[in-house]
Amino acid sequence: PNDEIDRKRAAVALNHADLFITEGDMANLCQKAKVSSFSHTLVLSVRNPEKVLETLCSITGDRNDLNRDSAVPAGLG
């Protein structure tokens, strides 16, 4: 049942999202299927959190996110 849900989420993401962060096996499957040849969506694996963070920071343009204490909301720390 979970695989079926994962496939549906991937289908939606590959058609509508700029970034798809997913578990490692689904990310590997997307790479093997060469989804980049037919989708603009960047697929990243949760197994590589450094790459996920780097990509999110580059998209948002906020390099300070790398040093921010996530436990304290902005403006309250």
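The first residue of the sequence shown is numbered 1, and numbering continues consecutively from there. Since we're looking at a predicted model, the values are computed, not measured.
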Sequence neighbours excluded, every pair satisfying salt bridge (Lys or Arg N to Asp or Glu O under 4.0 Å) that has a member inside residues 35-45: none
Which atom of S58 lies closest to which atom of T55, heavy atoms considered: OG-O, 2.8 Å
Partner set under side chain to side chain donor-acceptor pair (under 3.5 Å) for R9, not counting sequence neighbours: none
Spatial distance of atom CG (L44) from atom CD (E54) [nearest 0.5 Å]: 9.5 Å
With sequence neighbours excluded, residues passing side chain to side chain donor-acceptor pair (under 3.5 Å) with S39: T41
Mind listing the side-chain donor-acceptor pairs of residues 20-33 below 3.5 Å, one per line with the distance, residues two or more places apart or on another chain?
residue, atom, partner, partner atom, Å
E23, OE1, D25, N, 2.9
E23, OE2, M26, N, 2.9
D25, OD1, R47, NH2, 3.3
N28, ND2, G24, O, 3.4

Spatial distance of atom NZ (K51) from atom CG (L56) [nearest 0.5 Å]: 11.0 Å
In one Ile/Leu/Val/Met/Phe/Trp/Tyr side-chain cluster, 4.5 Å: L42, F38: no
Below 3.5 Å, can you tabulate the donor-acceptor pairs from side chains in residues 11-19 to any protein atom, sequence neighbours excluded?
residue, atom, partner, partner atom, Å
N15, ND2, A11, O, 3.0
D18, OD1, H40, NE2, 3.3

